[in-house]
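First up is the structure itself, then whatever we jot down about it.
Position 1 is the first residue of the sequence, and the numbers go up from there.
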Amino acid sequence: MTVAHKRQRKLNLLKVLRLFLPVCLFISLCVVMCVPVDRSEDDGSVIVAEEAPVTQILRGLSVHDLEKQDTVSFYKRHLDFMPEPTQRMKVNYFGNLRHIFNDSNHVHLAEAEKYGITPLSDTRSHWQLHRPIVRITTCEDYYLDTLIFSRPYLVPEAARSLREIGKRFRDTIAARGGGDYRIKVTSVLRTPQNVKRLRRRNRNAIDSSVHQYGTTFDISYASFVAGRPAPARSVDDLKGVLAEVLKAMREEGKLWVKYERGQPCFHITARKPKED
């Protein structure tokens with residue numbers, strides 16, 4: 001009985017070794033492959049790997065891969081407060097903004113009907129647009145606020161005008177001493193359902209019918225987005241610079257603008273570009 005027990009134990013040990021030997025070999029192979037190996041040139045100098053520039057991340061990617069890239073999060077970063085103490089900046093004030101930017105809702109609506117989309121009445125109409133719309137997102141030229149009663153879409157012409165406003169705003173600030181600030185877009189495309197809900201809260205919502213054409217957007221003049229704490233600029237000066245940009249583009253025939261007081265914003269309709 002004693003000899004039989006010894007033989008049985010010996011056989012069990014061999015079985016255990018046969019079972020775990022392949023696993024041990026596999027683990028050893030993985031460890032060897034993961035150990036970094038220094039590669040040297042012919043002269044014996046060690047090659048040090050450098051971190052690839054950020055711009056190379058997008059190289060070699062297909063169109064479908066590019067759609068997965070996050071290009072918005074970087075521009076969403078901003079200060080949670082307006083920096084102080086502020087430094088004065090040159091602003092060309094030109095009078096009462098309410099009187100200067102007083103293009104009526106009829107003017108905005110007439111322009112929107114020229115080249116805007118047909119208002120989205122139901123789900124089917126979302127897929128049967130007579131002309132294209134583009135999605136707008138927070139970028140280096142403007143910040144898209146959290147939208148409650150609208151959706152982030154505009155016709156291409158309006159999207160270009162919005163980008164131009166933001167760029168000219170930032171360029172003007174840079175030319176007058178600097179400051180990392182962007183305009184804040186507070187309302188974009190609305191549906192009839194959005195308008196109905198908004199009218200319960202906002203008496204000025206009658207003007208929001210123009211938002212249904214994808215040609216109109218609102219930019220706040222009471223709130224801006226700061227990217228860096230210095231140089232610090234006041235909201236009044238930033239409002240004045242924005243007004244300068246809108247006045248210039250309005251005189252160039254690119255915009256219709258109305259100064260809203262109930263909701264502190266510039267109500268803007270991009271005009272249809274003139275055909276060459």
Non-hydrogen atoms of Ala243 and Leu97 that approach each other most closely: CB-CD2, 3.9 Å
Sidechain-backbone polar pair: His211 side chain, Val188 backbone, donor-acceptor under 3.5 Å: yes
Between Arg182 and Tyr142: side-chain donor-acceptor atoms closer than 3.5 Å: no
Residue pair Cys139, Arg163: steps toward the side chain to side chain contact (heavy atoms under 4.5 Å, CB included) verdict: CA-CA 9 Å; Cys139 62; Arg163 196 71 183 261; 3.6 Å; yes
For Leu147 against Thr186, the heavy-atom pair lying closest together: CD2-O, 3.6 Å
Salt bridge (charged side-chain N to carboxylate O under 4.0 Å, His left out) against Arg271, all qualifying residues, sequence neighbours excluded: Glu111
Atom of Val155, atom of Ile117 and distance for their closest heavy-atom approach: CG1-CG2, 3.9 Å
Matching residue for Tyr181 among Arg233, Arg170, His78 - test: side-chain contact (heavy atoms from CB on, under 4.5 Å): Arg233
Between Lys76 and Thr138: side-chain donor-acceptor atoms closer than 3.5 Å: no
Pair Tyr153 and Phe217, ring centroids less than 6.0 Å apart: no
Carboxylate-amine/guanidinium proximity below 4.0 Å for Asp141 and Lys167: no
Check: Thr216/Thr269 side-chain N/O donor and acceptor closer than 3.5 Å: yes
Heavy-atom side-chain contact between Lys247 and Val245 under 4.5 Å: no
Partners passing salt bridge (charged side-chain N to carboxylate O under 4.0 Å, His left out) against Lys254 (at least two apart in sequence or in another chain): Glu164, Glu252
Side chain Asp145, main chain Lys184, donor-acceptor under 3.5 Å: no
Which residues share a side-chain hydrogen bond (donor to acceptor under 3.5 Å, both in side chains) with Arg160, sequence neighbours left out: none
Qualifying residues under side chain to side chain contact (heavy atoms under 4.5 Å, CB included), relative to Arg88, sequence neighbours excluded: Tyr93, Asp237
Evaluation steps, side chain to side chain contact (heavy atoms under 4.5 Å, CB included), between His267 and Val257: CA-CA 6 Å; His267 176 72; Val257 186; over 6 Å; no
Where Ala158 and Gly214 come nearest, the two heavy atoms and their spacing: CB-O, 3.7 Å
Thr191 and Arg151: CA distance, side-chain angles, deciding distance, side chain to side chain contact (heavy atoms under 4.5 Å, CB included) verdict: CA-CA 8 Å; Thr191 65; Arg151 304 177 184 182; 3.8 Å; yes
Distance flag, aromatic centroids of Phe266 and Tyr221, threshold under 6.0 Å: yes
Pro231 versus Gly177, closest heavy-atom pair with distance: CG-O, 3.9 Å
Salt bridge (charged side-chain N to carboxylate O under 4.0 Å, His left out) involving Asp236 - partner list, sequence neighbours excluded: none
Closest heavy-atom pair and its distance - Ile268, Ile165: CD1-CD1, 4.2 Å
Flag, side chain of Ser161 to backbone of Glu157, donor-acceptor distance under 3.5 Å: yes
Glu113/Lys272 salt bridge by N-O under 4.0 Å criterion: no
Residue list, salt bridge (charged side-chain N to carboxylate O under 4.0 Å, His left out) with Glu244, at least two apart or on another chain: Arg176
Within 6.0 Å of CZ in Arg98, more than 12 heavy atoms from elsewhere: no
